[in-house]
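Structure first, then comments.
One-based numbering, in listed order, for ligands and for the atoms of each.
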Amino acid sequence: MRQKIVAGNWKMNKTLEEAKILASEVMAMVADEVKGNVKVVLCVPSPYLVPLKNQLGNSSIKIGAQNCSEHDWGAYTGEVSALMLKSMEIPYVILGHSERRQYFGENGKLLGAKVDKALAAGITPIFCCGEPLEIREAGTHEQLVKQQVEEALFHLSAEALQKVVIAYEPVWAIGTGKTATAQQAQEMHAVIRKQLASKYGEAVANEISILYGGSVNSKNAEELFSCPDVDGGLVGGASLKSREFVDVIKGMK
Ligand code: PGA
């Protein structure tokens, strides 16, 4: 059985005080209201990783980072390495988010190196892929997403790949309020799973959690999460409000 996951991506939002309040509200509501085996992850700004991890204590909610360096240590001012995350016992890291690709020039080769560092540190990468609007309109989205997956992940062994979570996030749906339809999400998730199966075999492909991201909210979550190849969500805006985020999580049946 694939792990069902709902991860919040807080991006660069909240003061420490606000972050602590949000985390404690989510923790209380999840404990009260969320049943079943969905894993909840909060991917928070790096300065908040340790305080929030301590605050969550032994709650079922896990903490994730939003990026890591392709290097281990050294003169890389402003960077955070996977080994640092490991030393803070952070179990998840988002890699290759479209905002990182777009604003920080991250490409497939670099992301492959970051994935390697995360895995070597025992951290689960949530690897993001997804096409911009013009590619969707040109009809070449399957090709681009397959290329993104291949470039960053296909050097991995089957054993390593099984430790990766993939998030399909069409760029045109991120922060725009424009969600992919359940059918569009399912189609792309099936394309990715088939691509994984062609290289690693069906048994491996069937074990990989593929999350959908892009304007997921409490109203559309249930329909998106009911698609057979959608194993959860990576949630931006809706993860910044506790009630809304927990209602998204509850869309995962
Ligand atoms: P959104 O962001 O839910 O605000 O569209 C998703 C993401 O960027 O991960």
Side-chain angles (χ1 to χ4, degrees), residues 4-14 18-19 22-23 26 38-46 48-49 52 61-68 90 92-106 111 114-115 118 124-133 135-136 141 144-145 148-149 152 164-182 184-186 188-189 192 209-225 227 230-252:
K4 295 174 178 176
I5 302 170
V6 177
N9 175 10
W10 290 5
K11 309 191 182 182
M12 196 175 72
N13 289 296
K14 305 284 179 192
E18 291 164 347
L22 176 56
V26 170
V38 54
K39 182 157 281 175
V40 179
V41 183
L42 302 180
C43 297
V44 306
S46 26
Y48 305 162
L49 287 166
L52 293 190
I61 301 174
K62 302 293 175 206
I63 287 283
Q66 299 173 8
N67 180 35
C68 74
I90 303 301
Y92 290 88
V93 62
I94 297 173
L95 291 175
H97 190 280
S98 65
E99 287 149 18
R100 301 284 326 165
R101 294 178 190 261
Q102 190 180 343
Y103 306 138
F104 302 94
E106 297 194 353
L111 292 170
K114 291 188 176 202
V115 166
T124 301
I126 302 175
F127 171 76
C128 302
C129 55
E131 79 286 357
L133 183 61
I135 297 287
R136 169 64 66 162
H141 47 288
L144 178 79
V145 169
Q148 290 172 334
V149 169
V164 175
V165 172
I166 295 177
Y168 168 63
E169 298 206 304
V171 180
W172 46 271
I174 296 179
T176 57
K178 224 198 226 181
T179 324
T181 62
Q184 286 171 321
Q186 169 56 28
M188 283 308 298
H189 284 229
I192 295 167
S209 299
I210 307 179
L211 316 183
Y212 169 79
S215 297
V216 177
N217 59 42
S218 60
K219 300 206 168 47
N220 58 31
E222 187 168 347
E223 191 187 357
L224 287 161
F225 295 168
C227 298
V230 176
D231 306 308
L234 181 55
V235 186
S239 73
L240 296 172
K241 293 193 183 117
S242 53
R243 180 70 271 157
E244 180 70 8
F245 183 54
V246 176
D247 285 345
V248 167
I249 300 166
K250 288 161 77 180
M252 187 90 249

of all protein heavy atoms, closest to atom 3 (O) of ligand 1 is Gly236 N, 2.8 Å
On a heavy-atom basis, which atom in Gly213 and which in Val216 lie closest, and how many Å separate them? CA-CG2, 4.4 Å
At a 4.0 Å threshold, what atoms of ligand 1 neighbour a non-hydrogen atom of Gly175? 1 (P), 4 (O), 5 (O)
Below 4.0 angstrom from a heavy atom of Gly214, which ligand 1 atoms are there? Numbered from 1 as shown, please. 5 (O)
Which ligand 1 atoms, with their elements, are less than 4.0 angstrom from a heavy-atom of His97? 7 (C), 8 (O), 9 (O)
Is it true that a side-chain atom of Tyr212 and a backbone atom of Ala182 form a donor plus acceptor pair closer than 3.5 Å? no
Can a donor-acceptor pair be found between the side chains of His97 and Glu169 at a distance below 3.5 Å? yes
Select one of side chain, backbone, both or neither to describe which atoms of Ala173 lie under 4.0 Å from any atom of ligand 1, heavy atoms only. backbone
Would you say Ile174 and ligand 1 have an N/O pair spaced under 3.5 Å apart? no
Protein residue, atom and distance nearest to atom 9 (O) of ligand 1, heavy-atom basis: Glu169 OE2, 2.7 Å
So, does Asn9 use its side chain to make a donor-acceptor pair with the main chain of Val235 at under 3.5 Å? no
Can we say Glu131 and Arg136 salt-bridge, meaning some charged N sits less than 4.0 Å from an Asp/Glu carboxylate O? yes
Numbered in order shown, the ligand 1 atoms found under 4.0 Å of a heavy atom of Ser215 are 1 (P), 3 (O), 5 (O)
Would one find an N or O of Thr176, backbone or side chain, under 3.5 Å from an N or O of ligand 1? no
Quick check: Gly213 and ligand 1, any N/O pair under 3.5 Å apart? no
Please find the pair of heavy atoms, one from Glu106 and one from Leu111, that lie closest to each other, and give the distance. OE1-CD2, 3.3 Å
Can you tell me if Ala238 has a non-hydrogen atom under 4.0 Å from ligand 1? no
Is any N or O atom of Gly237, backbone or side chain, closer than 3.5 Å to an N or O atom of ligand 1? yes
Under 3.5 Å, is there a donor-acceptor pair between the side chain of Asn67 and the main chain of Val93? no
Are the side chain of Thr179 and the backbone of Thr181 linked by a donor-acceptor contact shorter than 3.5 Å? no
